[in-house]
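I have placed the structure first, in the form of structure tokens, so that the comments after it can refer back to it.
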Amino acid sequence: MKKIKLHWQILIALVIAIFYGVVFTEYVGYVSWMGDLFLRALKMIIVPLIFTSIVTGVANIGNAENLGRLGLKTFSYYLLTTTFAILTGLIFVNILQPGVGADLGFSQHIEGLATAKESFGQTLLNIIPTNIFGAFAGGKILGVIFFSILFGYFLTQISEKPRTQLLGFFNGLFDVVMKITMFIIKFTPLGILGIVAKVVAEQASDTQALLAVGGRLGLYMITVIISLGVHAMITLPLIVKFIGKANPIKHLKAMRTPLLTAFSTSSSSATLPLTMEAVEHNAGVSNKVTSFVLPLGATVNMDGTALYECVAAMFIAQAYGIEMGFLQQVIVVITALLASIGAAGIPMAGLVMITIILSAVGLPLEGIGLILAVDRILDMLRTTTNVWSDSCGAVVVANSEGEKLKVE
Ligand code: ASP
């Protein structure tokens, strides 16, 4: 029998999961454990994967000059695309005005908003961990990335014999970790079945609330969805085509599995192992570029989140009837960028980060309550956009490094 391709298996799992979540809401425990196991396995592999892939990748980049060049390209891509994303959101939220005339009656109270916002400066400080074992054990991705880059770089600076030995060791380790990753990926359809059935079952009541509120919130969702669509389906493919010199459709096909996983898990970090596997094996990007662009991208480059932050903040301002002048909107753009960099690649991280924007422009923090009910579905879509942008970045950077891709 011909084996069904993985992304088809995932799509089938998604359909079954939605059906199960709607029909067997009370019995969701029978399948949700598969989702929990799958997420645990992904989390288990993230830190070893980041460490070994960055060490081997950076060691292959070799000298500081090359590393600097790669870093510059990568960050330029992140900044450029995230800014495009925010501006797209800003344009649509100004045209569609979803918040104007919204009923504030349904605003929910949220606990602990003040404590939730870790400042942007703190995020930057955390890049350098005080204890690398703490960073590894606690899954502090930015700290792990920073140490791995240092380690990979200085590995190239030691004398010949231990260098070759260590490099051989790390190459082997990376191969093993990649094999484990591919093994876990085989279970994606079952994992997604469990995760999505649970989300659907949990959201059933929220959806009813949403239908009751309807109107402006629906328009707000549409605004986010259209803006994300324009960014993911027009802006990024154009960048892939003209700057990355690759075929966006082929690249999209190469990325089906991680994109569906991002959609289902709402977590860029959890999806990272699948993204790395697909970018390397399906799109044909080298380990050198993959291991540099993707782990960083999963935490730093969040186009979808940035766009969403901007639209949400503007929606809240409109709902409270607060006029946002040009300067205010510039502040929203800048803080949305910072908030997206600071947001972790986990579900609903973006929602909490909106507090940064709201306090920057003096909007009431309770405004978040307005958009809470519809956050989960928007989270799925923005996470997919985030992962898609990371993968496009890998293609663009790989092309600029003169690599021959499979998706050209
Ligand atoms: N869930 C998103 C991600 O992992 C972050 C967010 O909440 O916007 O990419």
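Nothing fancy with the numbering, it's 1 onward along the sequence. Worth saying up front: this structure is predicted, and the values here are computed from it rather than measured. Only this structure's heavy atoms are used, side chains among them; waters, hydrogens and symmetry mates stay out. Order of listing sets the numbers, starting from 1, for every ligand and every atom in it.
- Contacts of S53 classified as side chain to side chain donor-acceptor pair (under 3.5 Å), with partners at least two apart in sequence or in another chain: none.
- In the vicinity of T305, heavy-atom distances shorter than 4.0 Å reach the ligand 1 atoms 5 (C), 6 (C), 8 (O).
- Checked against a 3.5 angstrom limit, the closest N/O atoms of I346 and ligand 1 fall inside it.
- Using a 4.0 Å cut-off between heavy atoms, M348 contacts ligand 1 through its backbone alone, with no side-chain atom that close.
- Shortest contact from atom 9 (O) of ligand 1 to any protein heavy atom: S268 OG, 2.4 Å.
- Less than 4.0 angstrom separates some heavy atom of S267 from each of these atoms of ligand 1: 4 (O).
- The pair K404-E408 meets the salt-bridge criterion, with a side-chain N (NZ, NE, NH1 or NH2) lying under 4.0 Å from an Asp/Glu carboxylate O.
- We find that E401 and K73 are joined by a salt bridge, their nearest charged nitrogen and carboxylate oxygen being less than 4.0 Å apart.
- Close approach to G350 involves these atoms of ligand 1, each under 4.0 Å from a residue heavy atom: 6 (C), 7 (O), 8 (O).
- Applying the 6.0 Å contact sphere to CE of M233 captures no more than 12 heavy atoms from other residues, nucleotides or ligands.
- Ligand 1 places these atoms under 4.0 Å from at least one heavy atom of A349: 7 (O).
- For K140, the NZ atom counts as loosely surrounded, since its 6.0 Å shell holds 12 or fewer non-hydrogen atoms of other residues, nucleotides or ligands.
- An N or O contact shorter than 3.5 Å links G345 to ligand 1 by distance.
- Of the N and O atoms on the side chains of T181 and E277, not one donor lies less than 3.5 Å from an acceptor on the other residue.
- Residue contacts with ligand 1: A344 is included, with a non-hydrogen atom under 4.0 Å away.
- Neither the backbone nor the side chain of S340 comes within 4.0 Å of ligand 1, counting heavy atoms alone.
- The nearest protein atom to atom 1 (N) of ligand 1, hydrogens excluded, is given as D379 OD1, 2.8 Å; this is a heavy-atom distance.
- The heavy atom nearest to atom 2 (C) of ligand 1, considering only V352, T383, L351, is found in T383.
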Where do W8 and K5 land on the side-chain contact (heavy atoms from CB on, under 4.5 Å) test, with the steps shown first?
CA-CA 5 Å; W8 286 117; K5 288 234 175 71; 3.8 Å; yes

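- The closest approach between any non-hydrogen atom of A343 and ligand 1 is not below 4.0 Å.
- At a 3.5 angstrom cut-off on N or O pairs, S266 counts as close to ligand 1.
- Classification of the F24-Y20 ring pair by plane angle, with boundaries at 30° and 60°, yields tilted.
- Applying the 6.0 Å contact sphere to NZ of K241 captures no more than 12 heavy atoms from other residues, nucleotides or ligands.
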